Amino acid sequence: MKNVAIIYWTGTGNTQAMAEGILEGAKNGDANVRLINVFDAKIEDVENADAVAFGCPSMGAEQLEEAEMEPFIESIAGVMGGKKTILFGSYGWGDGEWMTEWQDRMEGYGANMLADGFIINNDADKEGIKRCNEIGALLLKE
Ligand SMILES: Cc1cc2nc3c(=O)[nH]c(=O)nc-3n(C[C@H](O)[C@H](O)[C@H](O)COP(=O)(O)O)c2cc1C
């Protein structure tokens, strides 16, 4: 059975709601799908996954959250080669620069991006959650 990990950081719950939408979409297939707060995530969770989704809102000035997500992403550089990957996150007022830079970085690590980084302004509406479900289904792709 496939292993899928959805690893996220959230401050006010918007990115968590996206993660839960992605989980729903990924649960429809024959896969072991785990939702993991980055506080509890280990490098092995990424290493052992066939596909992985990372979620983090735009923080700082168009940056990843610096205490947990930033060091975690740095720590997995060596296990990302060929890994099926999706990035997602919520933002407030910017133009999505944090996500473009994050995607470039993951591609630099050798990740196999299944889609462009998926961003939602503040909290996801019904349509946004539906898109999260669709993005989740991509994690099961061969
Ligand atoms: C300290 C801080 C810094 C932020 N910096 C940015 C930013 O640079 N660009 C942006 O678009 N939104 C920024 N935001 C807004 C968050 O990305 C937005 O509120 C998002 O919905 C939070 O997601 P969450 O509910 O998953 O924590 C910032 C929010 C905080 C609290």
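If you're wondering where the values come from, they're calculated on a predicted model, not measured in any experiment. Both counts, for ligands and for their atoms, begin at 1 and track the order of listing.
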Check whether any side-chain heavy atom of [X] lies under 4.5 Å from a side-chain heavy atom of [Y], and answer yes or no.
X     : Y      : result
Met18 : Phe118 : yes
Tyr8  : Leu35  : yes
Ile6  : Ile36  : no

Please list the nearest protein heavy atom to [atom] with its residue and the distance rounded to 0.1 Å.
atom                    : value
atom 12 (N) of ligand 1 : Gly92 N, 3.1 Å
atom 2 (C) of ligand 1  : Met59 CE, 3.8 Å
atom 20 (C) of ligand 1 : Ser90 OG, 3.3 Å
atom 19 (O) of ligand 1 : Asn122 OD1, 4.1 Å
atom 27 (O) of ligand 1 : Gly11 N, 2.7 Å
atom 16 (C) of ligand 1 : Ser58 O, 3.5 Å
atom 9 (N) of ligand 1  : Glu62 OE2, 2.8 Å
atom 25 (O) of ligand 1 : Thr12 OG1, 2.4 Å

Quick check: does [X] get an N/O under 3.5 Å from an N/O on ligand 1?
X     : answer
Gln16 : no
Pro57 : no
Trp9  : no

Distance-only, no hydrogens or angles: does the [X] side chain make a donor-acceptor pair with backbone N or O of [Y] under 3.5 Å?
X      : Y      : answer
Asp45  : Lys42  : yes
Thr100 : Gly96  : yes
Ser90  : Asn122 : yes
Asn121 : Tyr91  : yes
Glu68  : Phe39  : no

Just let me know how Ala61 lines up against ligand 1, side chain, backbone, both or neither, with a heavy-atom cut-off below 4.0 Å.
backbone
For the atom pair CE (Met106) and CD (Glu101), what is the distance rounded to the nearest 0.5 Å?
14.0 Å
Counting from 1, what ligand 1 atoms have a heavy atom of [X] closer than 4.0 Å?
X     : answer
Thr10 : 24 (P), 25 (O), 26 (O), 27 (O)
Asn14 : 21 (O), 23 (O), 24 (P), 25 (O), 26 (O)
Gly94 : 10 (C), 11 (O)
Trp93 : 4 (C), 5 (N), 6 (C), 7 (C), 9 (N), 10 (C), 11 (O), 12 (N), 13 (C), 14 (N), 15 (C), 28 (C), 29 (C)

Between Asn32 and Asn3, do the side chains contain an N or O donor and an N or O acceptor separated by less than 3.5 Å?
yes
